[in-house]
Amino acid sequence: QVQLVESGGGSVQAGGSLRLSCAQFGYSTYCMGWFRQAPGKEREGVAIIDSNARTIYADSVKGRFTISKDNAKNTLYLQMNSLKPEDTAMYYCAADYRLGCVFAPRGYNYWGQGTQVIVSS
């Protein structure tokens with residue numbers, strides 16, 4: 001089994017930064033990622049990373065967000081810079097064992113409880 005625990009959300013002004021963390025407990029997984037869901041919208045991919053540290057980013061966050069993983073600490077990170085009001089959402093950490101990582105929520109069986117990010121203008 002896999003358990004994921006996020007932290008690091010909060011409220012910031014536009015242009016500010018936040019770093020999200022996701023501690024993974026249990027078995028290691030091949031794919032991990034960050035997804036977000038704004039009120040009234042579907043959950044969408046933000047960034048994913050596989051065990052070879054290959055990454056994929058949503059176009060809307062490229063150049064502003066960085067996903068990384070500390071394997072020694074079994075922790076996933078999302079560094080978010082130059083935040084915009086449209087980044088406001090609940091952010092979820094996700095993981096799965098499949099070898100081919102997909103950039104969609106349907107590709108992940110394990111989810112954290114979410115951490116709220118609010119960006120004010």
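Along the sequence shown, residues are numbered consecutively beginning with 1.
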- Could you please spell out the steps behind the side chain to side chain contact (heavy atoms under 4.5 Å, CB included) verdict for Glu86 and Thr88? CA-CA 5 Å; Glu86 50 263 45; Thr88 295; over 6 Å; no

Can you measure from [atom1] ([X]) to [atom2] ([Y]) and round to the nearest 0.5 angstrom?
X: Ile118; Y: Asp87; atom1: CD1; atom2: CG; result: 12.5 Å
X: Met90; Y: Lys41; atom1: CE; atom2: NZ; result: 15.5 Å
X: Ser51; Y: Asn71; atom1: OG; atom2: CG; result: 7.5 Å
X: Met80; Y: Arg36; atom1: CE; atom2: CZ; result: 9.0 Å
X: Ser68; Y: Leu76; atom1: OG; atom2: CG; result: 7.0 Å
X: Glu44; Y: Trp34; atom1: CD; atom2: CH2; result: 15.0 Å

- Message: Per the disulfide (SG to SG under 2.5 Å) rule, what does the pair list look like for residues 51-91, sequence neighbours excluded?
- Response: none

- Message: Applying disulfide (SG to SG under 2.5 Å) as the test, list every pair that has at least one member in residues 15-56; sequence neighbours left out.
- Response: Cys22-Cys93, Cys31-Cys101

- Query: Taking atom types as modelled, is there a side-chain donor on Thr75 or Gln24 under 3.5 Å from an acceptor on the other?
  - Reply: no

- Message: Who clusters with Val5? Use side-chain heavy atoms, under 4.5 angstrom, across I, L, V, M, F, W and Y, and order the result by chain and number.
- Response: Phe25

Excluding sequence neighbours, so at least two apart, what forms side chain to side chain contact (heavy atoms under 4.5 Å, CB included) with [X]?
X: Gln13; answer: Ser120
X: Asn109; answer: Asp96
X: Val12; answer: Leu18, Leu83, Val119
X: Thr115; answer: Glu6, Leu20, Tyr91

What pairs with [X] under salt bridge (charged side-chain N to carboxylate O under 4.0 Å, His left out), at least two apart in sequence or on another chain?
X: Arg54; value: Asp50
X: Lys62; value: Asp59
X: Arg43; value: none

Taking all non-hydrogen atoms of both residues, which atom of [X] and which atom of [Y] are closest, and how far apart?
X: Ala58; Y: Gly45; result: CB-O, 3.5 Å
X: Gly33; Y: Ile67; result: CA-CD1, 4.2 Å
X: Asn81; Y: Gln79; result: OD1-NE2, 2.9 Å
X: Ser17; Y: Ser82; result: OG-N, 4.3 Å
X: Ala38; Y: Ala89; result: N-CB, 3.9 Å

- Task: Starting from the C-alpha separation in whole Å, work towards a yes-or-no answer on side chain to side chain contact (heavy atoms under 4.5 Å, CB included) for Thr55 and Ile48.
- Result: CA-CA 6 Å; Thr55 59; Ile48 62 172; over 6 Å; no

- Task: Would you check, one step at a time, whether the test side chain to side chain contact (heavy atoms under 4.5 Å, CB included) holds for Gln37 with Tyr92?
- Result: CA-CA 8 Å; Gln37 188 166 18; Tyr92 297 91; 4.3 Å; yes

- Hey, any chance Tyr77 and Phe65 share a hydrophobic cluster, counting ILVMFWY side chains that come within less than 4.5 Å of each other, even indirectly? no

- Counting distance only, does the side-chain N/O of Asp70 pair as donor-acceptor with the main-chain N or O of Lys73 below 3.5 Å? yes

- Test ring-ring contact (aromatic ring centres under 6.0 Å, His included) applied to Tyr110 and Tyr27, Tyr30, Tyr97, the passing residue: Tyr97

- Query: Among all residues two or more places apart in sequence or in another chain, which pass the side-chain hydrogen bond (donor to acceptor under 3.5 Å, both in side chains) test with Arg19?
  - Reply: none

- Query: Does a side-chain heavy-atom distance below 4.5 Å link Trp111 with Leu4?
  - Reply: no

- Indicate yes or no: at least one non-hydrogen side-chain atom of Arg64 is less than 4.5 angstrom from one of Lys84. yes

- Tyr108: what forms a ring pair (Phe, Tyr, Trp, His ring centres under 6.0 Å) with it, not counting sequence neighbours? Phe35

- More than 12 heavy atoms of other residues, nucleotides or ligands under 6.0 Å from CD of Gln3: is that the case? no

